[in-house]
2 protein chains.
Amino acid sequence: MPKVGMEPVRRKALVDAAMRVIGDHGSLTVTMSEIAKQAGVSPALAHHYFGSKEQLLIETVRVHLQRLRDGVVTALQAAKTPREKLSAVIRVSFQADQFAPETIAAWLAFYAEAQRSEETRRFLVIYARRLHSNLVANLKALCPAGDAGRIAEGAAAMIDGLYIRQGLRSAPISTEASIALTEDYLTTHLNALKG
Amino acid sequence: MPKVGMEPVRRKALVDAAMRVIGDHGSLTVTMSEIAKQAGVSPALAHHYFGSKEQLLIETVRVHLQRLRDGVVTALQAAKTPREKLSAVIRVSFQADQFAPETIAAWLAFYAEAQRSEETRRFLVIYARRLHSNLVANLKALCPAGDAGRIAEGAAAMIDGLYIRQGLRSAPISTEASIALTEDYLTTHLNALKG
DNA sequence: TATTTTTGATTGACTGATCAATCAATAAAA
DNA sequence: TTTTATTGATTGATCAGTCAATCAAAAATA
């Protein structure tokens, strides 16, 4: 089988496998063996390409946040008005694949990991800031700058909160209901400013 | 040293030690040795009283959620009107000891653990439901029942979201600002209904 | 074209460290 | 003497990480 140019293929397979295994497992305490098996290679190969388990996990966060970002960029381009762009940001946050239980479980595990791994934390902070600034940028077209910051803070918190509550599966909220709650938050607060 | 009646003392010491170690470590992958050391006893004694690491961790969640609950009950009793009770619930959620980085780190770790441990999940679900029902009960005195459920959902999500965003320490929000954001959410939405 | 060399891909087997859990032994109360 | 508290020593399992060896494609050479 040894063909040349396998590296990118294997890296992708391992990163995808890691996300899947972590999601199923609901934790970062997964073994390199499990990940490698899921990717269809030997544990030794995973070490060969990533050097360490920690590096593989960090790559996994990085790659998946990058994909998330691409989704947001596409959605923003498709939207015309500031209000539509706000809706687009919300919609992408709750889109199906992100809202799957395993995906939520994986992100939760990474959030916890951010308390320990500075690099993981950095990536998640970048994501959080981007969400915030996407919201602020479009809110500024609809209300004073000061209020924009405050409302964005609230909306971002609500999105994250709905997300982790979904992870608990206590009172599962549908995607639509989550979107509606966040939309309602924005609409109500924007209206309140107009008096 | 062997005195009789040490069991409750040791159990408490171990549960407290576990919370501290988990908080510092930012993860549940802590050793029984670390916890025992922090509690000033041998690892063997921790096993003697709790049987297993998992049991100790579950007890730790249970005890700390119980304390949280006691705090809420006290605060609710001190408040008179429904609106004051709503504020009390919010205030307790963000009170200093709960908002300390190590505490947030520990809760985050438990949230992640809930994906794996059914018992941990059960406790956290109970907490989430209680928060929701405390909010609904008092909102019902201020608005129609249907709206009460919706607003409570939003407020609970916002509280949890502010909490985990605080854990990321990306753009640290003060306790007061967090409370203000949540209060603002309630006030604005209640006003919108009267409008 | 045929042959040799080099290089990337891959793994099985192994190592060292870590850790949860056990247990037999000790010491002090009751 | 019986019971409770306590620990040091040990065991068994798990895992990350290493390494030497293999295999086949590609490149170089004849």
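We name chains A, B, ... by the order of the sequence lines, and we start the count at 1 in each one.
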Where do N or O atoms of nucleotides 11-14 of chain C meet protein N or O atoms at under 3.5 Å, pair by pair?
residue	atom	partner	partner atom	Å
C:dT11	OP2	A:S42	N	2.9
C:dT11	OP2	A:S42	OG	3.1

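- Residues from residues 17-34 of chain B with heavy atoms under 4.0 angstrom of DNA chain C, sorted by number: B:V30, B:T31, B:M32.
- Listed by chain and residue number, B:E183 satisfy the salt bridge (charged side-chain N to carboxylate O under 4.0 Å, His left out) test with B:R83 (two or more places apart in sequence, or in another chain).
- For the pair A:F50 CZ and D:dT18 P, the computed distance is 16 Å after rounding to whole Å.
- Every salt bridge (charged side-chain N to carboxylate O under 4.0 Å, His left out) that B:R121 has, sequence neighbours left out, goes to B:E118.
- At a threshold of 4.0 angstrom between heavy atoms, the contacts of B:Y49 are confined to the sugar-phosphate backbone, with no base atom among them.
- Residue pairs that meet the side chain to side chain donor-acceptor pair (under 3.5 Å) test with at least one member in residues 40-54 of chain A, sequence neighbours left out, do not exist here.
- A search for salt bridge (charged side-chain N to carboxylate O under 4.0 Å, His left out) contacts involving B:E59 returns B:R62, not counting sequence neighbours.
- By the salt bridge (charged side-chain N to carboxylate O under 4.0 Å, His left out) test, A:R11 is found to be paired with A:E7, residues two or more places apart in sequence or in another chain being considered.
- Remark: P of C:dT10 and CZ of A:R11 are 13 Å apart, rounded to the nearest angstrom.
- Comparing C:dA21, C:dA9, D:dG17 by their closest approach to the side chain of B:S52 singles out C:dA21.
- Of the candidates C:dA21, C:dA9, D:dG17, the closest approach to any side-chain atom of B:K53 belongs to C:dA21.
- Considering only residues two or more places apart in sequence or on other chains, A:E102 meets the side-chain contact (heavy atoms from CB on, under 4.5 Å) condition with A:D24, A:A100.
- Distance, B:R10 CZ to D:dA5 C1': 8 Å, rounded to whole Å.
- We find that NE2 of A:H47 is positioned 16 Å from P of C:dG16, with the value rounded to whole Å.
- The ring pair (Phe, Tyr, Trp, His ring centres under 6.0 Å) test applied to A:Y127 returns no partner, not counting sequence neighbours.
- Between the CD atom of B:Q55 and the C1' atom of C:dA21 there is a distance of 14 Å, rounded to whole Å.
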For residues 12-19 of chain A, run the donor-acceptor check on the side chains, cut-off 3.5 Å, and write out each pair with its distance to 0.1 Å, sequence neighbours left out.
residue	atom	partner	partner atom	Å
A:K12	NZ	A:D16	OD2	2.8
A:D16	OD1	A:R67	NH1	3.2
A:D16	OD1	A:R67	NH2	3.0

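- Under the rule for a ring pair (Phe, Tyr, Trp, His ring centres under 6.0 Å), the partners of A:F94 that lie at least two apart in sequence or sit in another chain are A:F99.
- A perpendicular orientation is assigned to the rings of B:W107 and B:H64, their planes being inclined by more than 60° (bins at 30° and 60°).
- Ionic pairing of A:R116 and A:E113 is present here: one or more N-O contacts between side-chain nitrogen and carboxylate oxygen are shorter than 4.0 angstrom.
- Look at CE on A:M6: it is 13 Å from C1' on D:dA24, rounded to the nearest Å.
- Contacts between residues 112-122 of chain B and DNA chain D, defined by a heavy-atom separation below 4.0 Å, involve no residue at all.
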